[in-house]
Amino acid sequence: MIANEAKVLNQTIKESVEYQQYLSAMEQVKQNQELYQAMNSFRRRNFELQSYDDGVNRYQEIHNLALEYEKVLRHPVVNEFLVAEQVISRKLEDVYESIVEGLEFDYSYME
């Protein structure tokens, strides 16, 4: 039963306006391979900076990264893609939180 509901949810997400906008924006960026590669380089480095969990505020490093990639980030199709990616990511985060809300798991073994 859960697996069937998950398949329905998957199809609903695929048909959503947000996901369709994400796919469309990605296709637009991919039409320019150099731009696509530069954008992915930015995304990779940004992800790495935001993934560090050593208690250091990475604001300045992320700011410097944005300055370094300013020309790429100002490109309209890149901007459209990054906004669409952020929108669908937040929607999926909301869905995940709704799925696990109220569920209790024992994570004491990780301490």
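Computation of the quantities below employed the complete heavy-atom set of this structure, encompassing side-chain atoms and omitting hydrogens, waters and symmetry-equivalent molecules.
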Looking only at heavy atoms, the pair that brings F105 and L103 closest together is CE1-CB, 3.6 Å
Over 12 non-hydrogen atoms of neighbours within 6.0 angstrom of CG in L67: yes
For S16 and I88 the tightest heavy-atom approach is OG-CD1, 4.4 Å
In this structure, NZ of K30 is separated from CE of M39 (nearest 0.5 Å) by 9.0 Å
Would you mind reporting whether E97 and E93 have side-chain heavy atoms less than 4.5 Å apart? yes
Give the intermediate values and the outcome of side-chain contact (heavy atoms from CB on, under 4.5 Å) for residues N32 and V77. CA-CA 10 Å; N32 180 334; V77 295; over 6 Å; no
Output for pair (L65 CG, L73 CG), nearest 0.5 Å, gives 7.5 Å
Taken to the nearest 0.5 Å, the spacing of E18 CD from L92 CG works out to 9.5 Å
Spell out, as yes or no, whether a donor-acceptor pair under 3.5 Å connects the side chain of Q20 to the backbone of K14.
-> yes
(message) Do V100 and M1 sit in one hydrophobic cluster, given that two such residues count as connected whenever their side-chain heavy atoms are within less than 4.5 Å of each other, even indirectly?
(response) no
Grouping ILVMFWY residues whenever side-chain heavy atoms fall under 4.5 Å, the cluster of V87 otherwise contains V83
The ring pair (Phe, Tyr, Trp, His ring centres under 6.0 Å) partners of Y22 (sequence neighbours excluded) come to F81
Is the number of heavy atoms from other residues, nucleotides or ligands within 6.0 Å of CD (Q33) greater than 12?
-> yes
Residue set satisfying side-chain contact (heavy atoms from CB on, under 4.5 Å) with F47, at least two apart, ordered chain then number -> S51
>> Between E27 and L23, does the side-chain contact (heavy atoms from CB on, under 4.5 Å) criterion hold? Intermediate values first, please.
In response: CA-CA 6 Å; E27 283 305 313; L23 291 177; 5.8 Å; no
- Query: Does the pair N64 and Q60 meet the rule for a side chain to side chain donor-acceptor pair (under 3.5 Å), with working shown?
  - Reply: CA-CA 6 Å; N64 290 343; Q60 189 61 47; 3.0 Å; yes
Sequence neighbours excluded, the answer for side-chain contact (heavy atoms from CB on, under 4.5 Å) partners of N40 is Y36, R43
Aromatic ring pairing Y59/H63, orientation class (parallel under 30°, perpendicular over 60°, tilted between): parallel
Mind running side-chain contact (heavy atoms from CB on, under 4.5 Å) on V72 and H75 for me, showing each step along the way?
CA-CA 5 Å; V72 172; H75 200 288; 5.8 Å; no
Contacts of E80 meeting side-chain contact (heavy atoms from CB on, under 4.5 Å) (sequence neighbours excluded), chain-then-number -> A25, Q28
Taken in chain and number order and not counting sequence neighbours, the residues that satisfy side-chain contact (heavy atoms from CB on, under 4.5 Å) with T12 are V8
Looking at Q21, is its backbone amide N or carbonyl O close enough to the side chain of S24 to form a donor-acceptor pair, meaning the two atoms are under 3.5 Å apart? no
Next item on the list: Might you confirm whether atom CD of E34 has over 12 heavy atoms from other residues, nucleotides or ligands at distances under 6.0 Å?
Entry: no
